[in-house]
Amino acid sequence: MDQFRRLLLEKPRYNLKGVNSDNCDYADTAVNSKDCYYSFGTFHSEDLLYSRYSRNCEKSADLTFCFNCQWCYQCIGCSKSYGLKNCKYCSNCSDCSFCEDCTGCKNCFGSIGLHQKEYYFFNEDLSKEEYEQRLAQLDLSNPEHLTAIETRLEKLRQKNFQLSTHQTMCEDCVGDNLVECKSAYQCFDAYDLEDCQYCIETNSLKNCCDMTVCFNSQESYQCIHCPNNYGLKFCYHCDNSSESEFCAYSANLKNCFGCVYLKDKQYHILNQPYEPEEYRKKVAEIKKELIDQGLYNLLPY
C-alpha cells in the first residue's frame with residue numbers, strides 16, 4: 001500500500017481526459033467528440049456547450065443526460081429530439097418548450113404527459129393561430145413571465161401522473177435514466193448495459209459491477225474513468241487494458257498489479273517487471289495478504 005501511494009505521488013496527474021476528441025480543451029471525459037466546451041462526459045457529440053453526460057448530440061447547450069438531440073437548450077433526459085428548450089424527459093419531439101414527459105410531440109409549450117400532439121399550450125389543444133398568439137404574448141427574457149410559467153407547470157404536475165423512473169428500450173432493469181439496457185440493477189444515467197449492477201454514468205458495459213464513468217468494458221469491477229477494458233478490478237483512469245488490478249493513470253496494460261503511470265506493459269507489479277510465472281505467484285501472495293487484512297473483497301459478485 002505504501003509503495004503504491006509513493007508511485008501515485010511521483011508525477012503530476014493530467015487534469016482532463018479526452019479520447020479520440022478534437023478541440024475539446026476545456027471538456028473532461030470527451031469521447032469521440034469535437035468542438036465541445038465546458039462539457040463533461042460527452043460521447044460522439046459535436047458543438048456542445050456546458051453539457052453533462054450526453055451522447056450523439058449536436059449544436060446544443062446546457063444538456064444533461066440527453067441522446068441524439070440537435071439544437072436543444074437546457075434539457076434533461078431528452079432523446080431523439082430537435083429544437084427543444086427547457087424540456088425534461090421528452091423523446092421524438094421537436095420545437096417544444098417547457099414540456100415534460102412528452103413523446104412524439106411538435107410545437108407544444110408548457111405541457112406534461114402528452115403523446116403525439118401538436119399545438120398544445122399548457123395541455124390545452126389550440127389551433128395553429130391561437131398557439132402562435134399565446135407564444136407571442138410571452139417574453140422569456142422577463143423573470144416575471146418565467147415565474148408565471150413555472151407556477152402553471154407546477155399546477156399541471158399536481159394534476160397529471162408523472163413517471164417515477166425513466167427507462168427507454170430497457171428490459172428487466174432497476175434504476176433511473178436508463179437507455180437500451182438489459183438486466184441492469186441499481187444503475188443510473190447509463191446507456192447500453194447488459195448484466196450490470198451499481199453502475200452510474202456508464203456506456204456500453206457488459207457483466208460489470210460498481211463502475212463510474214466507464215465505457216466499452218466487460219467483466220470489470222470497481223473502476224472509475226476506465227474506457228475500453230476487459231477484466232479490470234479497482235482501477236482508476238486506465239485505458240485499453242485487460243486482466244489488471246489496482247492500477248491508475250495507465251494505458252495498454254495486460255496482467256499488471258498496482259501499477260501507476262505505465263503504458264504498453266505486461267506482467268508488472270508496482271511498476272517492476274516479472275516473468276509470467278513469478279508474476280502469478282507474487283500476485284497470489286499479495287492478494288492473500290490483502291484478503292487477510294480485509295482490504296480485498298468481491299462481495300457483490
Side-chain angles (χ1 to χ4, degrees), residues 16-21 27-33 36 39-45 51-57 63-69 76-80 91 165-257 296-301:
L16 298 174
K17 187 180 185 72
V19 180
N20 299 325
S21 295
D28 192 18
T29 315
V31 181
N32 298 326
S33 297
C36 295
S39 296
F40 306 90
T42 60
F43 298 82
H44 309 282
S45 296
S51 297
R52 172 182 167 269
Y53 202 67
S54 294
R55 177 171 178 145
N56 296 108
C57 294
L63 303 185
T64 298
F65 198 73
C66 291
F67 295 87
N68 298 315
C69 290
I76 298 174
C78 295
S79 61
K80 299 179 180 179
S91 61
T165 58
H166 301 85
Q167 300 182 5
T168 303
M169 298 176 67
C170 293
E171 179 183 349
D172 189 27
C173 293
V174 176
D176 198 13
N177 287 347
L178 301 179
V179 179
E180 295 183 16
C181 296
K182 181 180 179 182
S183 300
Y185 177 74
Q186 291 291 4
C187 296
F188 300 89
D189 298 348
Y191 181 95
D192 186 27
L193 304 185
E194 184 175 351
D195 297 322
C196 293
Q197 56 184 351
Y198 310 117
C199 295
I200 182 171
E201 294 191 357
T202 49
N203 270 264
S204 302
L205 302 185
K206 188 174 182 180
N207 295 328
C208 291
C209 177
D210 282 349
M211 308 284 279
T212 302
V213 193
C214 295
F215 48 95
N216 295 337
S217 296
Q218 296 185 31
E219 309 285 346
S220 296
Y221 173 66
Q222 277 201 9
C223 295
I224 299 175
H225 279 273
C226 292
N228 307 318
N229 296 300
Y230 180 90
L232 295 195
K233 299 182 183 73
F234 314 109
C235 289
Y236 185 65
H237 280 274
C238 288
D239 305 356
N240 304 300
S241 300
S242 64
E243 307 297 347
S244 298
E245 301 182 48
F246 293 104
C247 294
Y249 298 103
S250 299
N252 302 317
L253 302 184
K254 186 176 181 182
N255 297 111
C256 289
F257 193 96
Y296 183 103
N297 76 78
L298 297 172
L299 289 180
Y301 277 155

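Remark: Asn229 pairs with no residue by the side chain to side chain donor-acceptor pair (under 3.5 Å) rule, at least two apart or across chains. Qualifying ring-ring contact (aromatic ring centres under 6.0 Å, His included) partners for Phe188, counting only residues two or more places apart in sequence or in other chains: none. Scanning for side chain to side chain donor-acceptor pair (under 3.5 Å) contacts around Ser79 gives an empty result, with sequence neighbours left out. Applying the side chain to side chain contact (heavy atoms under 4.5 Å, CB included) criterion to Ser244, with sequence neighbours excluded, gives Leu232, Cys247, Leu253, Cys256. Residues meeting the ring-ring contact (aromatic ring centres under 6.0 Å, His included) test with Tyr230, sequence neighbours left out: none. Residues passing the side chain to side chain donor-acceptor pair (under 3.5 Å) test with Asn252 are Asp264, sequence neighbours excluded. Not counting sequence neighbours, Asp28 has no partner by the side chain to side chain donor-acceptor pair (under 3.5 Å) test. By the salt bridge (charged side-chain N to carboxylate O under 4.0 Å, His left out) test, Lys17 is found to be paired with Asp239, residues two or more places apart in sequence or in another chain being considered. Applying the ring-ring contact (aromatic ring centres under 6.0 Å, His included) criterion to Phe215, with sequence neighbours excluded, gives Phe43.
Interatomic distance, Glu243 CD to Ser241 OG, rounded to the nearest 0.5 Å: 11.0 Å. Rounding to the nearest 0.5 Å gives a distance of 12.0 Å between OG of Ser204 and NZ of Lys206. In this structure, CD1 on Ile224 lies 9.5 Å from CG on Asp210, to the nearest 0.5 angstrom.
Within the structure, every pair that satisfies the salt bridge (charged side-chain N to carboxylate O under 4.0 Å, His left out) test and touches residues 244-254, not counting sequence neighbours, is listed here: Glu245-Lys287. Note on residues 193-203: pairs passing salt bridge (charged side-chain N to carboxylate O under 4.0 Å, His left out), not counting sequence neighbours, are Arg52-Glu201.
Closest of all the heavy-atom pairs between Met211 and Ser220 is CE-CB, 3.6 Å. Contact between Gly77 and Cys66 at its shortest, heavy atoms only, is N-SG, 3.8 Å. Taking both residues in full, the closest heavy atoms of Cys78 and Cys69 are given as O-SG, 3.5 Å, listed atom of the first, atom of the second, then distance.
A ring pair (Phe, Tyr, Trp, His ring centres under 6.0 Å) with Tyr221 holds for exactly one of Tyr296, Phe234, Phe246; it is Phe234.
Side-chain contact between Cys57 and Leu63 is present, with at least one heavy-atom pair separated by less than 4.5 Å. Side-chain contact between Gln186 and Gln197 is absent, with no heavy atoms from C-beta onward closer than 4.5 Å.
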With side chain to side chain contact (heavy atoms under 4.5 Å, CB included) as the test, would you mind laying out the steps for Asn203 and Tyr53 before giving the verdict? CA-CA 10 Å; Asn203 270 264; Tyr53 202 67; 2.5 Å; yes
Compile the donor-acceptor pairs under 3.5 Å between side chains in residues 174-182 and protein atoms, sequence neighbours left out, one pair per line.
| from | atom 1 | to | atom 2 | distance (Å) |
| --- | --- | --- | --- | --- |
| Asp176 | OD1 | His166 | N | 2.6 |
| Asp176 | OD1 | His166 | ND1 | 3.4 |
| Asn177 | ND2 | Asp189 | OD1 | 2.8 |

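With 3.5 Å as the limit, one finds no donor-acceptor pair spanning the side chains of Asn207 and Gln218.
Ring pair Tyr198/Tyr185 is perpendicular by interplanar angle, where above 60° counts as perpendicular and below 30° as parallel.
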